[in-house]
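Okay, so here's the structure we're looking at.
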Amino acid sequence: MSYGRGRIASVLVVGVVADERGGGVLQALDAVGRPAGPAEPVTDLAAAVAAREAAERPRWVWGSGAALYPALLRAGVRLDRCHDVELTEGLLLGHAGRWGEPRSLAAASARLTGGPVPPDPPRPPEPPGHGQGALFDAPSGPPGPGIETLTQVYADQLARIAATTHPGRFRLLVAAESAGALIATEMGAAGLPWRADVHDAVLAELLGEPSPVGGPPRRLAELAARIADAFGVRQLHADSPAELLKAFARVGVELPNTRAWVLRGVEHPAVPLVLEYKELYRIWTAHGWAWRDAWVSGGRFHPEYVPGGVVSGRWATRGGGALQIPKVIRRAVMADPGWRFVVADAGQLEPRVLAAVSGDARLAAAGGAGDLYAALARDAFAGDRARAKVALLGAMYGQTGGAAVPALAVLRRSYPTAFGYVEAAARTGEAGGLVRSWLGRTCPPGGVPVTDGDDPGPDGGVDPQSPRARAARSRGRFTRNFVIQATAAEWAATLLATLRTALAGSDAELVFFQHDEVVVHCPAGQADAVARAVGAAGERATALLFGDTPVRFPLDLSIVDCYADAA
DNA sequence: AGTTTCATATGG
DNA sequence: CTCGCCATATGAAACT
């Protein structure tokens, strides 16, 4: 078996719009977005798209993959690549400093022709029981933009992309973002294999039997009683921070809050009980029986992924908390019989991104090692890996206090170029400016710059305590981290898109993606080949983004039956 | 009664 | 002198 295939020399481009009756219009386009033939009205859009995909595998241009692709997928049509006008418009508006303006095809067209710009319609979540109803959900309002509108906006977007700071990079960003929309739809439809019986067993082991009346399960009720006992009271809601604070105060312990790390520093017989209660209570409410009934069906967990749902370009999810599945609950994620999971995790992704984008040769050399922190420690921290790590993380997050301060000074001295890179991003943000990721995603604008209209302090400077100054520093930390986090998201999205292409036509399916981690479900006999394909996708992503860089982006790969067993 | 904010947990 | 980034989800508490 082999994965991957060659590129076709010239990629055909076909625009597509849907009508409300399952039909639509196709339109071949040339390299600059002009019509390259007559518009082709069709009555069965899914069939027409499927036929064209099989014959030419074009790049599809459409208003919104989130709106069109689910119905195509339900009809059994899988597409190789697309240009998503709505996602691209969001990226272009951001690049132009017009973050937050409506980004729909209709809005983009209105800006082009000078008409009134309609606000983006709220996107209703896909109903959990999808699969019935019209092939393409009939919009309740007036008919959507036609094929001429689509082609005009597409051509305009191509021109605007060409005018960005780094057009080549921006094209990659648009391609990755568009592919992400396809993958998110496919992944949500496929779902993550989920064994309800194993989930039940985990819950029974942790929580005891569920209460028949919907109250807390047995072990939680027992813990609550023992906590009340330890405080010498009849009853106590351990999940209420206020009650807990009062209870501790009565036994002479004054606490600022009831966070776990605060409680851990307290000597009292109730503490270990409370900590256990918090942990189990969380699992019961957020990932217990009710969660399973709502989100798991047919042996799969079906979250709704939202690519680009986070300002940094990371994916979000709507409902189900798919990106916060606790480690213990991952025991329920089991491969089908005869199948395996290939789990790949990009270790130390963000510091490696800093090494690659900052142009700091010394840090880039360290980034060539399998363990960047260890290399950093050998190079500049007298072998102290822990100190090297807090220094680098502190620099990327904007830490200014605590034990990291001396380590940060070492970092600044040894890697001035890398340090200066994040410092510059922070200063730009503090001053109210915009920063961009490596491929050109732009951060949202901030508020008013700190120096304008702020009352001078006693020494004539700006009061660092003022709300405005605090907000400026907060925005500086945001922009400082944005240039790293957003670029890391781009690397991961590029890997994912590359991997999807490599796996196309095989039995392997992408079933999970979480920031810097991807899970593929495949027949056991193909697991080794899939693992190699994932590794190759990582190398391809590195080359596409950074070209010839000494920085490596190694993947921790494991082949497992159960997600919880992944390294 | 319904909505918003707070506190706390989870994930990266 | 305060000072670590991005999120989602829950229930309690505080609002309207």
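Sequence lines set the chain letters: A, B, ... in the order given, protein chains first and strands last, and positions in each chain run from 1.
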task = Supply the atom-to-atom distance A:E276 CD to A:L220 CG, rounded to the nearest 0.5 angstrom.
result = 9.5 Å

query = Expressed in angstrom and rounded to an integer, what is the separation of A:F301 atom CZ from B:dG11 atom C1'?
reply = 12 Å

query = Base, sugar-phosphate alone, or nothing: which one does A:G402 contact when heavy atoms must sit under 4.0 Å apart?
reply = nothing

task = In whole angstrom, give the distance that lies between atom CG of A:L263 and atom C1' of B:dA9.
result = 13 Å

key: Sugar-phosphate only, base, or nothing, as touched by A:R473 at under 4.0 Å among non-hydrogen atoms   = base

query = Do A:F341 and A:F512 have ring centres separated by under 6.0 Å?
reply = no

inquiry  = Could you tell me how far apart A:R282 (CZ) and C:dT8 (P) are, to the nearest whole angstrom?
reply    = 13 Å

inquiry  = What's A:T258 touching, base or sugar-phosphate or nothing? Going by heavy atoms closer than 4.0 Å.
reply    = sugar-phosphate

request  = Establish, yes or no, whether a centroid distance under 6.0 Å links the rings of A:W194 and A:Y563.
outcome  = no

request  = Determine whether the side chains of A:R436 and A:T442 contain a donor N or O and an acceptor N or O closer than 3.5 Å.
outcome  = yes

query = How is A:L393 classified with respect to the nucleic acid when contacts are heavy atoms under 4.0 Å: base, sugar-phosphate, or nothing?
reply = base

key: Any A:K389 side-chain N or O less than 4.0 Å from OP1/OP2 of C:dG4   = no

ask   = Are side-chain heavy atoms of A:E430 and A:R475 found at a separation under 4.5 Å?
value = no

ask   = Quick one: A:D516 CG to C:dC5 P, roughly how many Å, whole number?
value = 19 Å

task = Specify the separation, in whole Å, of atom CZ of A:R330 and atom P of B:dG11.
result = 7 Å

key: A:Y373/A:F381 aromatic ring centres below 6.0 Å   = no

request  = Would you kindly compare A:A322 and A:R314 by the position of their nearest DNA chain C nucleotide and give the one closer to the 5′ end?
outcome  = A:R314

request  = Decide if the gap between the ring center of A:W295 and the ring center of A:H287 is smaller than 6.0 angstrom.
outcome  = no

query = How would you label the contact of A:G321 with the nucleic acid (heavy atoms, under 4.0 Å): base, sugar-phosphate, or nothing?
reply = sugar-phosphate

Out of B:dT8, C:dC6, C:dC3, whichever nucleotide has its closest atom nearest the side chain of A:N481 = C:dC6

inquiry  = Expressed as a whole number of angstroms, how long is the span from A:E430:CD to C:dC5:P?
reply    = 13 Å

Would you tabulate the pairs of protein nitrogen or oxygen atoms and nucleotide nitrogen or oxygen atoms of nucleotides 12-16 of chain C closer than 3.5 angstrom?
residue: C:dA12; atom: OP1; partner: A:D239; partner atom: OD2; Å: 3.2
residue: C:dA13; atom: OP1; partner: A:S240; partner atom: OG; Å: 2.9

message = Classify A:Q485 by what it touches in the nucleic acid, base, sugar-phosphate, or nothing, heavy-atom distance under 4.0 Å.
response = base

query = Just checking A:G309: base, sugar-phosphate only, or nothing, at a heavy-atom cut-off of under 4.0 Å?
reply = nothing

request  = Tell me what A:A404 touches on the nucleic acid: a base, only sugar-phosphate, or nothing, going by heavy atoms under 4.0 Å.
outcome  = nothing

